[in-house]
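Below is one structure, written out as structure tokens, with a few remarks after it.
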Amino acid sequence: MRGLFITLEGGDGAGKSTQIRNIESFFDKKGLVVVHTREPGGTPISEKLRDILLDSGNLEMHAVTEMLIYAASRAQHVRELVKPALEKGHIVVCDRFLDSSIAYQAYGRGLGDMVDIVNSYATDGLTPDITFWMDIDPKEGKERVSKMGDFDRLEMEQMDFHYKVYGGYKALSEKYPGRIKRIDASKSVEEISEDIETHLIELCSRKGL
Ligand code: TMP
């Protein structure tokens, strides 16, 4: 038996955390075990790598170094936590996964195909069953983040970087329309929850859950 692997994606300030809690309660009500995790992070080693990646003092980090550390964090997370949980039949809800590396490193940093090649080793062939792309205009996302406090290293990037990331997500959603569901994150929290729930109900009926 294999569980479900659900990922949430989007620019900074898209409101992923609130929706992750709603997804958790959707599956809780069905009596299924939900594992909530995140990238970069999710295991002790991957969380240490997260600290390096997001440290606003690490401004001299090269784009290739950055991409490799995200991939290293993912390689550990997939093998130590995500795959074992899926093998137990659990529902894994993950805040960001490979699509973030494509959007931020391939498109945002301009690293292109190198990101796919490296990450084919990191993911060990794992693909989400469904991905919610929380679509928010980068300017609005930045305004939301600025209300929450200090910027991390990625959030400190200029707007043109965030627009490139946005272009990456848009391209991914067009390339994988079956897996990636675009969610209009400018709507109210309640409306967004309903949109996501509609997709989850469809997914569960397809998977016999
Ligand atoms: P967050 O967990 O607060 O969303 O922060 C993670 C940051 O790292 C966010 O700005 C997106 C970025 N990121 C990448 O650039 N590449 C990746 O592969 C992942 C997982 C995240």
Side-chain angles (χ1 to χ4, degrees), residues 5-21 36-43 45-59 61-78 80-82 92-124 126-128 131-136 138-169 171-172 180 183 185:
F5 185 35
I6 299 169
T7 60
L8 278 93
E9 293 284 353
D12 299 294
K16 290 181 278 102
S17 311
T18 313
Q19 295 307 324
I20 287 173
R21 283 193 292 277
H36 169 189
T37 186
R38 67 174 179 182
E39 287 204 348
T43 71
I45 292 170
S46 307
E47 288 290 333
K48 285 185 185 165
L49 295 172
R50 177 186 177 92
D51 291 343
I52 297 170
L53 286 162
L54 301 189
D55 185 344
S56 56
N58 285 339
L59 291 180
M61 189 183 294
H62 192 277
V64 175
T65 311
E66 175 185 280
M67 184 271 292
L68 290 169
I69 302 177
Y70 277 112
S73 162
R74 181 164 301 127
Q76 185 66 27
H77 184 225
V78 163
E80 185 179 338
L81 189 142
V82 182
V92 179
V93 184
C94 190
D95 187 344
R96 302 190 180 280
F97 190 60
L98 171 62
D99 298 314
S100 281
S101 282
I102 305 295
Y104 283 77
Q105 280 69 53
Y107 282 81
R109 302 287 190 217
L111 295 181
D113 291 347
M114 189 199 293
V115 181
D116 268 317
I117 295 164
V118 167
N119 275 280
S120 65
Y121 297 97
T123 62
D124 198 22
L126 182 66
T127 308
T131 298
F132 296 109
W133 169 37
M134 307 292 289
D135 178 0
I136 188 90
K139 235 177 104 211
E140 198 183 328
K142 185 120 191 175
E143 275 161 25
R144 290 188 190 177
V145 171
S146 60
K147 285 183 195 142
M148 292 190 266
D150 293 341
F151 291 129
D152 65 36
R153 192 176 59 85
L154 277 287
E155 288 163 350
M156 282 161 67
E157 284 295 334
Q158 300 300 313
M159 278 319 291
D160 75 317
F161 172 77
H162 292 290
Y163 275 102
K164 283 185 204 158
V165 171
Y166 184 84
Y169 277 124
L172 281 166
I180 303 182
I183 301 295

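Order of appearance sets the numbers: ligands from 1, and atoms from 1 within every ligand.
In terms of protein heavy-atom proximity, atom 8 (O) of ligand 1 is closest to Tyr70 OH, 2.8 Å. Nearest non-hydrogen protein atom to atom 4 (O) of ligand 1 is Arg96 NE, 2.7 Å.
At distances below 3.5 Å, not a single donor-acceptor pair connects side-chain atoms of Glu157 with backbone N or O atoms of Leu154. Judged purely by atom type and a 3.5 angstrom limit, Lys142 uses its side chain to pair as donor or acceptor with the backbone of Glu155. For the pair Arg96 (side chain) and Pro40 (backbone), a donor-acceptor distance under 3.5 Å is absent. Using a distance-only test at 3.5 Å, with no hydrogens or angles considered, a donor-acceptor pair links the side chain of Asn58 to the main chain of Ile52. Looking at Ser73, its side chain never comes within 3.5 Å of a backbone N or O of Ile69 through a donor-acceptor pair.
At least one N/O-N/O distance between Ser101 and ligand 1 falls below 3.5 Å.
With a 4.0 Å heavy-atom cut-off, ligand 1 is reached by no atom of Glu66. Residue contacts with ligand 1 for Leu54 involve side-chain atoms from C-beta outward but no N, CA, C or O (heavy atoms, distance under 4.0 Å).
Per-residue contacts place Pro40 under 4.0 angstrom from the following atoms of ligand 1 (heavy atoms of the residue considered): 6 (C), 20 (C), 21 (C). Each of the atoms 20 (C) of ligand 1 lies under 4.0 Å from some heavy atom of Glu39.
The closest approach between Lys16 and ligand 1 falls below 4.0 Å for a heavy atom of the residue. Using a non-hydrogen distance threshold of 4.0 Å, Asp12 registers as a contact of ligand 1.
Side-chain contact check for Met134 versus Glu9: every heavy-atom pair is 4.5 Å or farther apart. Put simply, the side chain of Val165 does not reach to within 4.5 Å of the side chain of Tyr107, judged on heavy atoms.
Compare Arg109, Arg74, Met156 by their heavy atoms: the one nearest to atom 20 (C) of ligand 1 is in Arg74. Comparing heavy-atom distances from atom 5 (O) of ligand 1 across Arg50, Glu155, Arg38 singles out Arg50 as nearest. Which of Gln105, Glu157, His77 comes nearest to atom 15 (O) of ligand 1 through a heavy atom is settled by distance: it is Gln105.
Here the two rings, on Tyr70 and Tyr104, have centers that are 6.0 Å apart or farther.
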